[in-house]
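This report concerns only the one structure given below.
Since this is a predicted model, take the numbers as computed values, not measurements. Quick note on labels: first sequence line is chain A, next is B, and so on, each numbered from 1.
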There are 2 protein chains.
Amino acid sequence: MAINDLSKDLAPIASITMADVVEVKLREYLKKKSFLPGDALPKELELAEALGVSRNVLREALSRLRMLGMIETKKKRGMVLARPDILGTFERVLDPLIIDKETLQDIFELRLVLEMGLADLIYIRKTDKDIAELESIAKKEVNLDNSFRIKNEIAFHGKLYEMSGNDTLKRFQIMLLPIFDYVVTLEKKPTRGKINHMDLVQILKTGSKADFKKGMEAHLKPHFDRLK
Amino acid sequence: MAINDLSKDLAPIASITMADVVEVKLREYLKKKSFLPGDALPKELELAEALGVSRNVLREALSRLRMLGMIETKKKRGMVLARPDILGTFERVLDPLIIDKETLQDIFELRLVLEMGLADLIYIRKTDKDIAELESIAKKEVNLDNSFRIKNEIAFHGKLYEMSGNDTLKRFQIMLLPIFDYVVTLEKKPTRGKINHMDLVQILKTGSKADFKKGMEAHLKPHFDRLK
DNA sequence: TAAGCCCTTATGTAGGACATATCAAATGTG
DNA sequence: CACATTTGATATGTCCTACATAAGGGCTTA
């Protein structure tokens, strides 16, 4: 029966629980009342009664919001609205072992896109000190064996993100590292572009933004060549 | 007293609860046992007993993992490991009203970086059909009033992301839209680059990837000029 | 006025109870 | 014997009660 097949395909998605509903309602409530971080929230019993659920269900929903950093609770003070750490929540599910292959590939590409687009920020904010640091990283890599070379590679590109002057971007990169690593180690032989790290440093010192963009493109070319 | 000040600054961060600990322990457990999506997990009572906590605390932790999509539960079947929707969890905390100003600015820049870096993927995967769609979007915008123009702007750039052939990237962009909007509406006068949407379409039709990168740079230049 | 104590209160945790949905085995029927 | 139906067992979902703990607030006292 087609209907039977359908139900078999659709049913397992899971069932919606009270905690799910309460979570959404709490979100709406917080938004509608336009609480500001630090504002005190009603007590658990009041919320539970208002929502018509047990304190147990309410606490499951609150536990989620607390995990996301949207609320903080203290023993007697009650609950207060807080600023969630948007990247911290992201990090919780970013495990290469759990993510499916297609998404892994997508994230790998996402990182390539980011690095290609970094140039504009870097050229707005780079300092001589940054470049000196970057150069010292690049110099170290000359005589390193393979495992240390990977760490150095990470340090170099990490420094580039840092030079963007964008903390969120930098943290985002750190977060994506395991995934980048994972995909890279799946590749057979190490990819090596025509432009290496020292070349990039030289460009940063004396070259134009356009030069740097071209250099980065050449540096990452082996990765892009793999895509289809 | 210095010590008193310190404790006042540090203590309010919140206190760690059993649910927090259990959440971490469950994470480690799932990773260590290297469960695969679809694998059945022990029952709640067994887990609670093994961890030495009440079923209540355990369920608060499970509720968090369930929200992240890491596990799914069915009435009698028990719990199974699932693939979390990495972006879905991200979306939950991405509210312009809650995020602090610095992070908002960071995310705004992140989106600029993404758009500048899109060219390589687009030139690998663009099709004539894509370009035709993009053109029809660009054509519509000629005689639109302001509110519709914003929607059209979104549609145009959204289509660019779509042309990257990267679903995760596309969803990511959709997710960042409210924030982009929010920051843009804070600006006084509408920014208008020297290269408009129709120009970009023309480049995509006949120009090189380098041309397109330059075009995009000119198109977004007003945004970058604001940065410091 | 300031320091210290006690009481109140809201959250954190535990445990029991029952509803409900579902799987699986037992049962009935052609 | 094969298939449909019923029934029982079971794991999760929800509720309730109780108590521990910490922290704010007010009170007392020096």
Side-chain angles (χ1 to χ4, degrees), chain A residues 1 3-4 6-26 35 38-67 69-82, chain B residues 1 3-26 35 38-82:
Chain A
M1 275 188 239
I3 290 180
N4 207 349
L6 188 66
S7 70
K8 270 194 176 176
D9 285 342
L10 291 179
I13 290 184
S15 55
I16 188 171
T17 69
M18 283 292 158
D20 297 320
V21 179
V22 171
E23 183 204 333
V24 173
K25 291 220 174 202
L26 283 176
F35 283 111
D39 287 359
L41 272 49
K43 342 183 202 296
E44 291 183 353
L45 278 174
E46 291 173 8
L47 287 174
E49 195 174 2
L51 289 163
V53 298
S54 73
R55 189 166 159 242
N56 220 320
V57 168
L58 177 81
R59 279 185 62 84
E60 282 190 24
L62 287 176
S63 175
R64 300 177 181 190
L65 300 187
R66 196 158 39 238
M67 173 184 64
M70 294 180 67
I71 60 175
E72 285 178 2
T73 57
K74 284 173 63 185
K75 269 287 168 77
K76 148 101 186 212
R77 178 83 173 267
M79 295 174 293
V80 297
L81 195 64
Chain B
M1 276 186 238
I3 290 181
N4 207 346
D5 290 351
L6 188 67
S7 70
K8 270 194 176 174
D9 285 343
L10 291 180
I13 289 184
S15 56
I16 191 171
T17 69
M18 283 290 153
D20 296 321
V21 179
V22 170
E23 183 204 333
V24 173
K25 290 220 176 202
L26 283 177
F35 283 112
D39 288 0
L41 273 49
K43 342 183 202 299
E44 290 183 354
L45 278 175
E46 290 173 8
L47 286 173
E49 195 173 2
L51 289 163
V53 298
S54 73
R55 188 165 161 243
N56 223 323
V57 168
L58 177 81
R59 277 185 62 84
E60 283 189 23
L62 287 176
S63 175
R64 301 178 179 189
L65 300 186
R66 194 159 38 240
M67 172 185 63
L68 298 178
M70 295 180 66
I71 60 175
E72 283 177 3
T73 58
K74 283 174 62 186
K75 270 284 166 83
K76 147 105 187 206
R77 182 84 172 263
M79 295 175 292
V80 296
L81 196 65

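- Among the nucleotides D:dC15, C:dT11, D:dT12, the one closest to the side chain of A:Ser54 is D:dC15.
- Spacing between atom CD of B:Glu46 and atom P of D:dT12 amounts to 8 Å, rounded to whole angstrom units.
- Atom C1' of nucleotide D:dT12 and atom CD of B:Glu72 are separated by 14 Å, given to the nearest angstrom.
- Residues A:Val21 and A:Leu51 are not in side-chain contact: their nearest non-hydrogen atoms beyond the backbone lie 4.5 Å or more apart.
- In this structure, NZ of B:Lys75 is placed 5 Å from P of C:dA21, rounded to the nearest angstrom.
- Separating the CD atom of B:Glu60 from the P atom of C:dT11 is a distance of 12 Å, rounded to the nearest angstrom.
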What do the steps show when you test B:Arg55 against B:Leu62 for side-chain contact (heavy atoms from CB on, under 4.5 Å), and what is the final call?
CA-CA 10 Å; B:Arg55 188 165 161 243; B:Leu62 287 176; over 6 Å; no

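- Between the CZ atom of B:Arg59 and the C1' atom of D:dC15 there is a distance of 12 Å, rounded to whole Å.
- Side-chain N/O atoms of B:Asn56 and base N/O atoms of C:dG15 include a donor-acceptor pair closer than 3.5 Å.
- Listed nucleotides: D:dC15, D:dT12, C:dG12. Nearest to the side chain of B:Thr17: C:dG12.
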What's the verdict on side-chain contact (heavy atoms from CB on, under 4.5 Å) for B:Glu49 and B:Lys43, showing C-alpha distance, side-chain angles and the deciding distance?
CA-CA 10 Å; B:Glu49 195 173 2; B:Lys43 342 183 202 299; over 6 Å; no

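- A close approach under 4.0 Å does not occur between any side-chain nitrogen or oxygen of A:Arg55 and OP1 or OP2 of D:dC16.
- Between the CD1 atom of A:Ile16 and the P atom of D:dT14 there is a distance of 10 Å, rounded to whole Å.
- In the set C:dA21, C:dC23, C:dT11, the nucleotide with an atom closest to the side chain of A:Glu44 is C:dT11.
- The side chain of A:Thr73 places no N or O atom within less than 4.0 Å of a non-bridging phosphate oxygen (OP1 or OP2) of C:dA10.
- The CG atom of A:Leu58 sits 10 Å away from the P atom of D:dC15 (whole-angstrom rounding).
- Take the nearest nucleotide of DNA chain D for B:Leu41 and for A:Gly52: the residue whose nucleotide is more 5' is B:Leu41.
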Assess the residue pair A:Leu26 and A:Leu58 against the criterion (side-chain contact (heavy atoms from CB on, under 4.5 Å)); give the C-alpha distance rounded to whole Å, side-chain angles, the decisive distance to 0.1 Å, and a yes or no.
CA-CA 9 Å; A:Leu26 283 176; A:Leu58 177 81; 4.2 Å; yes

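- Here the side chain of A:Lys43 is nearest to one of D:dG13, C:dT11, D:dG24, namely C:dT11.
- Each of D:dT14, C:dT13, C:dA21 was ranked by its minimum atom distance to the side chain of B:Met18; first place goes to C:dT13.
- Between A:Ser15 and D:dT12, a side-chain N or O to OP1/OP2 separation shorter than 4.0 Å is absent.
- In this structure, the CG atom of A:Leu62 is 9 Å from the P atom of C:dT11, given to the nearest Å.
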Please test B:Ser63 against B:Glu60 for side-chain contact (heavy atoms from CB on, under 4.5 Å), starting from the C-alpha separation and ending with a verdict.
CA-CA 5 Å; B:Ser63 175; B:Glu60 283 189 23; 5.5 Å; no

